[in-house]
Amino acid sequence: MINFNEPPFVGKELEYVKQAIENKKICGDGAFTQRCNEWIEQAMGGGKALLTTSGTAALEMAALLSGLQPGDEVILPSYTFSSTATAFVLAGARLVFVDIRPDTMNIDESKIELAITDRTRVIAVVHYAGVGCDMDAIMGIADRYGIKVIEDAAQAVMSTYKGKPLGTFGDFGCFSFHETKNYSMGEGGALLINDSSYIESAEILREKGTNRSKYFRGQVDKYTWVDYGSSYLPSDMNAAYLWAQLEIAEQINNNRLDCWARYHEAFAPLEEAGMLQRPVIPQECSHNAHMYYLKLATLASRTEFISHLKENGVQATFHYVPLHSAPAGRKFGYFAGADEFTTLESERLVRLPLYYNLKKDDQETVINAVASFFKGK
Ligand SMILES: *Cc1c(COP(=O)(O)O)cnc(C)c1O
């Protein structure tokens with residue numbers, strides 16, 4: 001069976017984890033965490049990066065730092081992972097779901113304004129598949145209404161919009177280093193703070209409500225409990241695992257892009273024949289090959305397609321069931337406007353295996369299994 005995903009492993013991970021242990025510093029904010037933070041800041045061209053225990057934790061921090069009050073509203077797509085939504089629910093907000101664009105599966109920027117009320121405080125955008133939302137339009141709306149923007153860039157490390165890295169447009173960028181993402185530490189993530197006025201409160205929030213980060217920098221001579229907080233620091237052993245990959249991020253990115261391009265080329269004739277649709281990358285976006293997906297004509301043909309692949313030794317999956325139709329989505333929010341594309345498009349989408357070092361032979365098997373499904377149709 002060709003797995004849908006295999007966690008990235010590049011070779012140096014064990015050596016670095018061993019080093020972390022030998023450093024006698026396996027809790028948070030050790031040498032490897034520092035290196036990962038610096039790498040993120042450099043790759044993003046600025047901002048302050050804080051490694052977290054997950055992408056969800058980074059979103060939670062962003063939600064809490066944005067100062068939401070009960071009854072405040074957050075605009076987000078319904079086509080996303082539960083983390084994007086639940087982070088804001090924990091912060092006390094009400095969710096307002098907006099439709100997606102059928103081409104990129106990202107929030108439809110032209111439908112955001114209709115969803116704004118006098119309680120709207122945040123627009124949370126998701127860069128689906130590592131392909132950027134229309135950030136010019138979205139930042140324009142946010143500026144006009146004085147609303148914050150939080151980017152769920154969990155899938156978007158190393159992607160850009162008009163040459164600027166995703167995660168650097170809003171007040172906060174949230175990244176994930178889960179094993180299914182391009183760079184991994186098992187479970188982990190990072191918060192990128194683009195407005196420096198949030199740095200001190202973010203450090204306090206992440207360190208159990210204490211000013212311990214200031215203490216470590218020698219800025220105060222003892223640390224104390226100063227505000228509410230939680231524990232969002234990952235172990236330095238996990239950071240060591242991640243560092244091995246960030247060190248060769250370019251190589252991982254190119255390997256994934258090659259793999260993505262092979263799929264894209266192989267399926268062009270099937271798209272021309274009207275059998276399926278391939279992903280669309282807008283001109284202003286450069287992506288990171290986070291995933292490769294296809295769209296079938298209907299939900300029924302997708303179901304048939306996934307079982308055909310399985311019979312041919314290929315594990316393919318679909319996601320997401322739109323959040324507004326889920327029990328928690330109905331409880332915590334509502335869909336603003338018409339669901340023109342969210343449900344329809346989500347039911348057609350299927351993801352193919354794509355991971356670092358997916359073998360060419362295995363990719364051929366996937367491509368042949370796809371082709372054989374459409375033969376004679
Ligand atoms: C993976 C993912 C998350 C959550 O990241 P974790 O590190 O698993 O908590 C959030 N949003 C999106 C869009 C994701 O793909």
Side-chain angles (χ1 to χ4, degrees), residues 4-5 7-8 33 36 40 49-64 74-91 95 97-98 100-101 104-107 122-133 138 149-159 166-167 169-170 172-192 206 230-235 238-239 241-242 245-246 256 279 285 287-293 317-324 326 328-329 342 345-346 349 351 354-355:
F4 170 68
N5 180 63
T33 304
C36 292
I40 296 166
L50 294 173
L51 222 54
T52 59
T53 44
S54 66
T56 307
L59 284 160
E60 252 172 66
M61 286 186 70
L64 291 168
V74 173
I75 288 174
L76 74 165
S78 170
Y79 184 72
T80 182
F81 194 50
S82 61
S83 302
T84 323
T86 198
F88 294 101
V89 172
L90 280 175
L95 307 173
F97 297 109
V98 166
I100 52 166
R101 294 162 43 148
T104 57
M105 307 295 281
N106 283 334
I107 192 165
V122 171
I123 303 171
V125 300
V126 180
H127 303 299
Y128 181 70
V131 178
C133 297
I138 291 163
V149 171
I150 294 175
E151 294 176 76
D152 181 341
Q155 304 178 2
V157 181
M158 298 285 274
S159 293
L166 298 179
F169 290 86
F172 301 101
C174 305
F175 303 107
S176 169
F177 301 118
H178 184 259
E179 75 163 28
T180 53
K181 301 304 198 287
N182 293 26
Y183 311 97
S184 182
M185 53 198 277
E187 299 280 354
L191 177 70
L192 183 73
R206 182 168 168 270
S230 188
S231 182
Y232 293 119
L233 295 78
S235 157
N238 293 58
Y241 189 100
L242 177 64
Q245 293 164 34
L246 294 184
R256 296 185 73 109
C285 296
H287 72 112
N288 61 357
H290 173 62
M291 71 170 86
Y292 198 88
Y293 64 81
T317 65
F318 64 84
H319 73 178
Y320 304 102
V321 177
L323 296 182
H324 74 280
T342 300
E345 297 298 308
S346 72
L349 185 142
R351 301 174 62 186
L354 196 168
Y355 47 84

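Indexing begins at 1, ligand by ligand and atom by atom, following the structure's order. On a predicted model such as this, the values are computed, not experimentally measured, just so you know.
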Distance-minimising heavy-atom pair for M61 and T52
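Minimum heavy-atom contact is SD-CG2, 3.9 Å.
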Which pair of heavy atoms, one from A156 and one from L166, lies closest together, and at what distance?
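Answer, listing the atom of A156 first, then L166: CB-CD1, 3.8 Å.
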Mark yes or no for whether R101, through its side chain, and N106, through its backbone, hold a donor-acceptor pair below 3.5 Å.
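Absent.
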With a 3.5 Å cut-off and no angle check, do the side chains of [X] and [Y] form a donor-acceptor pair?
X: T84; Y: D152; result: yes
X: H127; Y: E151; result: yes
X: S176; Y: H178; result: no

Hey, what polar pairs (N/O, under 3.5 Å) does ligand 1 make with protein?
unit_1	atom_1	unit_2	atom_2	d
ligand 1	5 (O)	S176	OG	3.3
ligand 1	7 (O)	G55	N	2.7
ligand 1	7 (O)	S176	OG	2.7
ligand 1	9 (O)	G55	N	3.3
ligand 1	9 (O)	T56	N	2.9
ligand 1	9 (O)	T56	OG1	2.5
ligand 1	11 (N)	D152	OD1	3.3
ligand 1	11 (N)	D152	OD2	2.7
ligand 1	15 (O)	Q155	NE2	2.8
ligand 1	15 (O)	K181	NZ	3.2

